Visitor: 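Just passing along the structure, written as structure tokens.
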Amino acid sequence: SPHGNHVVQKLIVNLFPEQVQFVVDAFRGRVVEAAQNQMQSRVLERLLEYCAPNQTAVLADEALRQAPMLLRHSFGNFVMQAVLEHGLPEHRTWLVGNICSDVDRLARHKIASNSVRKALTT
């Protein structure tokens with residue numbers, strides 16, 4: 001729900017990362033679907049931002065399996081940008097490599113170009 005989304009984000013921001021592990025666990029197996037949802041993508045972004053990268057590695061792994069599609073998605077691209085900014089080094093490296101392999105098209109894509117910009121500045 002729109003209001004529940006804000007509550008969960010506040011929990012993530014204000015509690016210790018280990019106290020919100022239940023939120024990380026709730027997204028397992030459904031990251032790609034959640035990344036395409038306006039409310040759930042914001043929660044994923046906060047998890048990637050405030051939890052330790054090794055805590056959210058399983059979420060990043062799931063998202064990266066569908067990186068080409070999520071980079072072009074209106075909400076998924078924000079999750080990809082959060083992986084670029086807060087993910088494990090190997091996640092960042094893999095995603096930058098994926099972006100570089102199709103940079104001509106991604107840079108000209110209205111939505112994906114934001115992730116290209118993030119990859120260049122992070």
Side-chain angles (χ1 to χ4, degrees):
S1 88
H3 304 296
N5 148 54
H6 293 291
V7 172
V8 175
Q9 286 187 67
K10 286 292 186 184
L11 287 173
I12 294 165
V13 170
N14 292 305
L15 295 176
F16 291 110
E18 57 274 4
Q19 293 175 302
V20 295
Q21 182 62 43
F22 72 97
V23 180
V24 174
D25 295 340
F27 278 105
R28 285 179 185 232
R30 48 183 310 279
V31 170
V32 174
E33 174 189 343
Q36 297 175 77
N37 176 281
Q38 182 178 12
M39 304 302 164
Q40 295 176 35
S41 65
R42 292 176 183 167
V43 174
L44 282 170
E45 289 175 63
R46 292 302 83 70
L47 287 171
L48 290 162
E49 184 178 357
Y50 285 94
C51 293
N54 62 348
Q55 185 179 8
T56 57
V58 66
L59 304 180
D61 287 338
E62 270 188 62
L64 291 175
R65 287 188 206 113
Q66 294 297 321
M69 183 265 297
L70 291 176
L71 286 166
R72 293 172 173 86
H73 190 273
S74 56
F75 304 124
N77 86 90
F78 291 108
V79 175
M80 293 290 93
Q81 290 180 58
V83 171
L84 284 168
E85 193 168 350
H86 306 289
L88 290 170
E90 55 265 30
H91 290 140
R92 294 177 189 188
T93 300
W94 188 92
L95 187 52
V96 168
N98 190 277
I99 290 170
C100 287
S101 71
D102 196 20
V103 72
D104 292 344
R105 278 189 284 200
L106 293 174
R108 287 181 275 145
H109 190 276
K110 179 180 178 181
I111 295 168
S113 62
N114 296 308
S115 293
V116 173
R117 185 178 305 112
K118 178 65 81 174
L120 293 171
T121 60
T122 303

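In this text the structure is predicted, and so the values were computed from the model without any measurement. Numbers here are sequence positions counted from 1.
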Visitor: Would you say the side-chain atoms of R92 pair up with the backbone N or O of E85, donor to acceptor, closer than 3.5 Å?
Guide: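 Judged by distance alone, yes, a pair lies under 3.5 Å.
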Visitor: Using a 4.5 Å cut-off on heavy atoms from C-beta on, say whether the side chain of N77 contacts that of Q81.
Guide: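 Yes, close enough: below the 4.5 Å cut-off.
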Visitor: Looking at every non-hydrogen atom in both residues, tell me the closest pair between P53 and G87 and how far apart they are.
Guide: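 Residues P53 and G87, closest heavy atoms: CB-C, 4.2 Å.
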Visitor: Nearest 0.5 Å, what's the CG-NE2 distance between N114 and H109?
Guide: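 That separation rounds to 10.5 Å.
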Visitor: Quick one: does any side-chain atom of T122 pair with a main-chain N or O of A119 as donor and acceptor, under 3.5 Å?
Guide: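 Answer holds: no.
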Visitor: Is there a side-chain contact between V79 and L70 in this structure, where contact means two heavy atoms from C-beta onward sitting under 4.5 Å apart?
Guide: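 In short, these two side chains do not touch, never coming nearer than 4.5 Å.
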Visitor: Would you check if L71 and N98 make a side-chain contact, meaning some heavy-atom pair closer than 4.5 Å?
Guide: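 Answer yes - side chains close enough.
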Visitor: State which residues pass side chain to side chain contact (heavy atoms under 4.5 Å, CB included) with E62; sequence neighbours excluded, sorted by chain then number.
Guide: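 Expected list: R28, V31, R65.
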Visitor: Hey, is the main chain of Q36 close enough, under 3.5 Å, to the side chain of Q40 for a donor-acceptor pair?
Guide: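 Answer holds: no.
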Visitor: Do M80 and I111 share a hydrophobic cluster, counting only Ile, Leu, Val, Met, Phe, Trp and Tyr and linking them when any side-chain heavy atoms are less than 4.5 Å apart?
Guide: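 No; tracing contacts between hydrophobic side chains, which count when under 4.5 Å, never links both residues.
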Visitor: I want to check something: taking the side chain as every heavy atom from C-beta on, are V20 and C51 in contact at a cut-off of under 4.5 Å?
Guide: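 When only atoms from C-beta onward are counted, C51 and V20 do touch, with a gap below 4.5 Å.
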Visitor: Tell me, do H91 and D61 make a side-chain contact under 4.5 Å, heavy atoms counted?
Guide: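 Yes; the side chains approach each other to less than 4.5 Å.
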Visitor: Please check: side-chain N/O of D102 versus main-chain N/O of I99, any donor-acceptor pairing under 3.5 Å?
Guide: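 No, the answer is negative, given that no donor and acceptor are paired below the 3.5 Å cut-off.
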Visitor: Please report the interatomic distance OG(S113) to CG(L120), rounded to the nearest 0.5 Å.
Guide: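 Answer for the OG-CG pair, S113 versus L120, is 11.0 Å.
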Visitor: Within this structure, what is the CG-CD distance for the pair L48 and Q55, rounded to the nearest 0.5 Å?
Guide: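 Those atoms lie 10.5 Å apart.
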Visitor: Which value, rounded to the nearest 0.5 Å, describes the distance between Q21 atom CD and L15 atom CG?
Guide: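 Going from the CD atom of Q21 to the CG atom of L15 covers 13.0 Å.
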Visitor: In terms of hydrophobic clustering (I, L, V, M, F, W, Y; side-chain heavy atoms under 4.5 Å; direct or indirect links), are L44 and W94 co-clustered?
Guide: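 Hydrophobic grouping puts L44 with W94.
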Visitor: Using 4.0 Å as the upper bound for N to carboxylate O, is an ion pair formed by R42 and E45?
Guide: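 R42 and E45: not salt-bridged.
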Visitor: Same cluster for F75 and L47 if Ile/Leu/Val/Met/Phe/Trp/Tyr side chains link at under 4.5 Å?
Guide: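 F75 does not cluster with L47.
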Visitor: Between E33 and N37, do the side chains contain an N or O donor and an N or O acceptor separated by less than 3.5 Å?
Guide: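 No - no donor-acceptor pair under 3.5 Å links their side chains.
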Visitor: Rounded at 0.5 Å granularity, tell me how far CD in Q66 sits from CZ in R72.
Guide: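 Those atoms lie 12.0 Å apart.
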Visitor: Please report the interatomic distance OG(S41) to CZ(R46), rounded to the nearest 0.5 Å.
Guide: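 It comes to 9.0 Å.
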Visitor: With the 4.5 Å side-chain cut-off for hydrophobic clustering, are F16 and F22 part of the same group?
Guide: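 F16 does not cluster with F22.
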Visitor: Of all the heavy-atom pairs spanning A107 and V116, show the shortest one and how long it is.
Guide: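 Shortest heavy-atom contact: N-CG2, 3.9 Å.
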Visitor: Please identify each residue that fulfils salt bridge (charged side-chain N to carboxylate O under 4.0 Å, His left out) with E90, with sequence neighbours left out.
Guide: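 With sequence neighbours excluded, E90 shows a salt bridge (charged side-chain N to carboxylate O under 4.0 Å, His left out) to no residue whatsoever.
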Visitor: Less than 4.5 Å apart, side chain to side chain, heavy atoms only: is that true for L11 and V23?
Guide: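 L11 does not reach V23 side chain to side chain.
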Visitor: Is it the case that more than 12 heavy atoms not belonging to R105 sit under 6.0 Å from its CZ atom?
Guide: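 Count not over threshold, so no.
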Visitor: Could you see if F78 belongs to whatever hydrophobic cluster contains Y50? Use Ile, Leu, Val, Met, Phe, Trp, Tyr and a side-chain cutoff under 4.5 Å.
Guide: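 No, no single cluster joins them.
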Visitor: Are any of the side-chain heavy atoms of H86 and T56 separated by less than 4.5 Å?
Guide: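 H86 does not reach T56 side chain to side chain.
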Visitor: If you count every heavy atom of other residues, nucleotides or ligands that lies below 6.0 Å from F27 atom CZ, does the total exceed 12?
Guide: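 Correct, the count exceeds 12.
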